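Notes to accompany the following structure.
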Amino acid sequence: MTSSTARYNAKVVEAKWQAEWSANRCFEAEEDPKRPKYYVLEMFPYPSGRIHMGHVRNYTLGDVIARYKRARGFNVLHPMGWDAFGLPAENAARDQKIHPAEWTYANIANMKAELQSMGLSLDWSRELATCHPGYYRHQQKLFVDFYKAGLAYRKESWVNWDPVDHTVLANEQVIDGRGWRSGALVEKRKLTQWFFKITEFSDDLLTALNGLERWPDPVRLMQRNWIGRSEGLRMQFDYVGEKREPLEIYTTRHDTIFGASFMALSAEHPAALAVAENDPKAAEFIAECQRLGTSEEVIEKTEKKGYDTGLRVKHPFVDGVELPVYIANFVLMEYGTGAIFGCPAHDQRDLDFARKYGLPVVPVVCPKGVDAATFEVGTEAFTDNDSGILINSDFLGGMSVPEAKAAIAERMEKRGAGERTINYRLRDWGISRQRYWGCPIPMIHCDKCGIVPEREENLPVQLPDDVEFDQPGNPLDRHPTWKHTDCPECGAKAVRETDTMDTFVDSSWYFARFCSARDDDPVARDAVDYWLAVDQYIGGVEHAILHLLYSRFFMRAMRTCSFVGLDEPFAGLFTQGMVCHETYRDQNGNWLYPEEVVQGDDGQVRLASTGEPATVGRSEAMSKSKKNVVDPGAIIDKYGADIARWFMLSDSPPERDMEWTDAGANGAWRYVQRIWRLVNDHTPNLAAAGSAMPNALDGTALELRRATHKAIKGVGDDIERFRFNRAVARIHEFSNVLGDFKPRGDGDDWALREALETLVTLFGPMMPHLGEELWRVLGHETLLVDRSWPAADETLTVDETVTIGVQVSGKMRGTIEMPRDAEKADAEAAALALDTVQRAIGGNAVRKVIVVPNRIVNIVV
RNA sequence: GCGGGCGUGGCGGAAUUGGUAGACGCAAGGGACUUAAAAUCCCUCGGGCGUAAGCCCGUGCCGGUUCGAGUCCGGCCGCCCGCACCA
């Protein structure tokens, strides 16, 4: 096909349609109870300054869904905002002497322009930034209400202290013993902190996961493990000869009580601290334990160590047996009661410990099929509690593990010295941060009244503008006047809380704020009732636990305080893969940017500047440190947004990591030009728009219509199932058919118009600018975004003839063409008539013939 | 250590969920057009044998179920991710 049509100019065309959509307010959503709603949300970005390819992928995926659902007749809400509080702004303030707000808002302006150049169908009228008083004011109101409802509280606790960032970190923010942002080794400190009572909902957060059917299973599993429910027993042990409160432990293996040979206390356990008061050696051991880090390497290498306190407790079921009480470095204060009983034969840690200190190792559960009389535990504990029979255990003898657990629990409960307990790994969410650039916690410390919430009419408690960042620590605390105020209760001089909230708080309810982004209350009830839950949430797996769990907690807390009427914020969740790129290094091992290298004809990669050879490394997630980043702005500038979007959707399934390549982007560009020529070249052959379908199309027209309607069905199904790469492939196939199409017979012009309009509509959600432009080329005055998704004619999506594979004894020997749903006997006869089949049978007797209609014929000899 | 996922051409990946393995794209090679290049168009493209028709092999490895296995089951190997002294 030759063409005189000028090349498609993405730059001019894209700006034009973006302006058009904006002028027509195409994407501004309004509640309309008469229409079904669809809330599409991508995780909002941190305004770092520039968008990266991960954003492009994220927002492209969301935009395809939003535009598709819109075409399907849904009232779509698709908003965007900024997760705008956080440490980088303070670092910038310190390094560049610029106020965090100024830095943040400049970044927002820049990134907004970049996002707008992508042609996303976003409702910008609902834009919000979490650092704006108009947002955090409402967050403070939520905090006060949570406080009044008992869901926010203050307590002294051991915290993870980041010595570089000078702030407290939640457990979730400590990765391998290091701060998630600074990477510094985390220390333990005791501080008074604000907490959200997420454990109030432990059980509900766990069980409700079962109802989240449109969440990926791995994410649900991660949350399940994070919440970490276990069923066990709290048991009390009486001390020997001491007038102390009994020692309470938590265990899930009470069936092994007859194998107990010691007790172990956490170094932070009150009983351990009590011993240390009169025992310098104990105090020294405790201090040693607290110096220990919590990183993986440390835990791995650290020997199980203990200190014998000299205390003894009585075995609850064996008179005269006394168990030594140790302080041990492997017992956690935060889990259970901070004390355990050790059964070395059936717990690896206990076994290591017992071997070190020469404590008895008595097996009490015998594996099935092993002789109980000779069963011994060597260096490996027997921990399988599904199989196994109790031995050496008095009244438990011969029981299974569950039976033994029940028996022990019953006796301990009857005695009043035990209680069946459900325990969770999940701990309350510590939200205090000693930072400036965060939402101030709206509480006031009064000498007379204690801790008092700021009055609602005084909200927001606004951040002061005049702050310095030249020394570590919290600028709010150092500020000369800010924290001094009057007590809302008694009016006396009082002091503000100077901690600000963890930025995860900001992102735990923004999706609700979007429903009524300009309302005077945190949320307008009718708006959230209409729009929530988010129908489709899209973002990276890195938020699989924290952000999503906190948001789920927030919905429950907001429900408790009557802000919303539902528990689960996100009905559907999709976690996308990362965008990767090859990595390059020079001969000294320094990372190189992609644009610093060139590939020669010999395949060798060299430095563009000096010609010095470079090495190509594996494809990895784009990161500044490895310099394998490609700037979306440059791509959009060179090729246009549609090409970036199209390539993002092609080839790789969205949940998997994808590799960005120049060749791939080029391929997308060529495809866009091809479509452009295709539509322009065919346009003169079209029937007039709006003309009625001629009767009884056949021949080439019918074939084209079949391709058209198969494409409609296939692409729609694929988009619904998030199989965008498959949808792209189908559009390619369809446009290949159109490229080969030569109008000849009656009605071809009509079928061609249908096909071209369909093509444009199908890729419209993916390449919206090209779509609008070609829609205009096809003679329409309307906007493509206002066009409904076409309906597939089911009678055209199935072929009249099918190609059926023919096997002889399971080996492919040929194919036959048959009418759809042909009789089995006909298919069998046609199969047997094939030369290749006869040769393969080779005179052997046919034992049976399996015919699966429209699929396969298998002749078994 | 515990939990989860993945393994298909040179590459990204398809495969109607047990029924013609390799759709679609990228890369590569050959050809046409051109003074030339770009662009475009046509052809080839899992491996082996064969002039050919065709035959054999092939979805990480070994085994099993089945008329039939990339898909299901068992056991290995390799890579990736999450959690981690949780009693």
Side-chain angles (χ1 to χ4, degrees), chain A residues 1-3 7 175-176 216-219 221-222 224-226 228-230 232 249-254 256 264 266 292 294 296 298-300 302 304 328-332 334-343 346-350 352-353 383 423-427 541-542 544-545 619 647 650-653 655-659 661-668 670-671 673-674 677 714 717 723 725-736 739 803-816 835-836 839-840 847-852 854-861:
Chain A
M1 193 184 300
T2 56
S3 171
R7 269 191 188 171
I175 295 153
D176 284 351
D217 285 336
V219 173
L221 191 66
M222 278 190 257
R224 233 169 248 138
N225 292 339
W226 191 264
R229 183 188 136 107
S230 70
I249 62 97
Y250 174 76
T251 182
T252 57
R253 289 304 304 272
H254 29 299
T256 64
S266 158
L292 258 182
T294 51
E296 187 180 338
V298 173
I299 286 164
E300 226 95 300
T302 307
K304 309 288 172 257
N329 64 352
F330 63 91
V331 181
L332 302 172
E334 305 91 65
Y335 189 76
T337 63
I340 60 164
F341 79 74
C343 176
H346 305 291
D347 182 285
Q348 194 58 48
R349 282 171 325 222
D350 294 352
D352 297 345
F353 190 84
T383 54
N423 204 34
Y424 297 90
R425 213 185 70 117
L426 184 69
R427 268 158 269 156
V541 247
E542 66 273 19
I545 298 175
S619 181
F647 180 50
S650 309
D651 297 346
S652 295
E655 69 278 10
R656 248 186 262 183
D657 288 354
M658 69 167 291
E659 187 176 4
T661 60
D662 284 355
N666 250 304
R670 283 201 304 272
Y671 184 67
Q673 297 298 337
R674 223 178 118 220
R677 286 193 306 273
D717 284 353
R723 291 157 38 120
N725 56 320
R726 192 75 183 79
V728 165
R730 281 189 206 278
I731 290 169
H732 269 124
E733 286 176 272
F734 182 39
S735 61
N736 286 344
T803 309
I804 296 172
V806 179
Q807 301 178 336
V808 176
S809 295
K811 271 190 181 298
M812 276 298 299
R813 294 296 170 183
T815 56
I816 50 172
D835 286 350
T836 50
R839 226 176 303 137
R847 285 198 287 144
K848 64 174 165 176
V849 178
I850 288 155
V851 180
V852 181
N854 304 325
R855 290 274 163 78
I856 202 124
V857 177
N858 190 6
I859 295 155
V860 186
V861 295

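We name chains A, B, ... by the order of the sequence lines, and we start the count at 1 in each one. Because the structure is predicted, anything quoted here is derived from the model rather than measured.
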Provide, to the nearest angstrom, the distance between the CE atom belonging to A:M222 and the C1' atom belonging to B:A84. 15 Å

Nearest whole angstrom, please: distance from the P of B:C79 to the CZ of A:R656.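 Distance check: A:R656 CZ to B:C79 P gives 19 Å.
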
State the pairing partner of B:A84; accept Watson-Crick or G-U wobble contacts with both distances under 3.5 Å, and report none otherwise. none

So what's B:G74 paired with, Watson-Crick or G-U wobble, going by both distances under 3.5 Å? B:C62

Which listed nucleotide ([options]) is nearest to the side chain of [X]?
X	options	answer
A:T836	B:C85, B:C67, B:G54	B:G54
A:I856	B:U20, B:C41, B:C67	B:U20
A:A663	B:C26, B:G54, B:C41	B:C26
A:V860	B:U20, B:C67, B:G3	B:C67
A:I545	B:C24, B:C55, B:C83	B:C83
A:N736	B:A23, B:G25, B:G19	B:G25
A:N725	B:A14, B:A87, B:G19	B:A14
A:R813	B:A27, B:G19, B:C55	B:C55
A:V331	B:G68, B:C41, B:A87	B:A87
A:S230	B:U20, B:G13, B:A87	B:A87

Starting at the 5' end of RNA chain B and moving along, which residue's nearest nucleotide shows up first, A:V806 or A:R253? A:V806

Closest non-hydrogen atom pair between A:F647 and A:A668, with its separation: CB-CB, 4.1 Å

Regarding A:L332, tell me which of base, sugar-phosphate or nothing describes its non-hydrogen contacts under 4.0 Å with the strands shown.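 The residue A:L332 makes base contact.
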
Quick one: label A:R730 by what it contacts on the DNA or RNA (base, sugar-phosphate, nothing), any heavy atom closer than 4.0 Å.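 It contacts nothing in the nucleic acid.
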
So how far is it from A:T251 OG1 to A:R253 CZ, rounded to the nearest 0.5 Å? 8.0 Å

Between B:G60 and B:U8, how far apart are the two P atoms, rounded to whole Å? 6 Å

Please determine if a side-chain N or O atom of A:R670 lies less than 4.0 Å away from the OP1 or OP2 oxygen of B:A27. yes

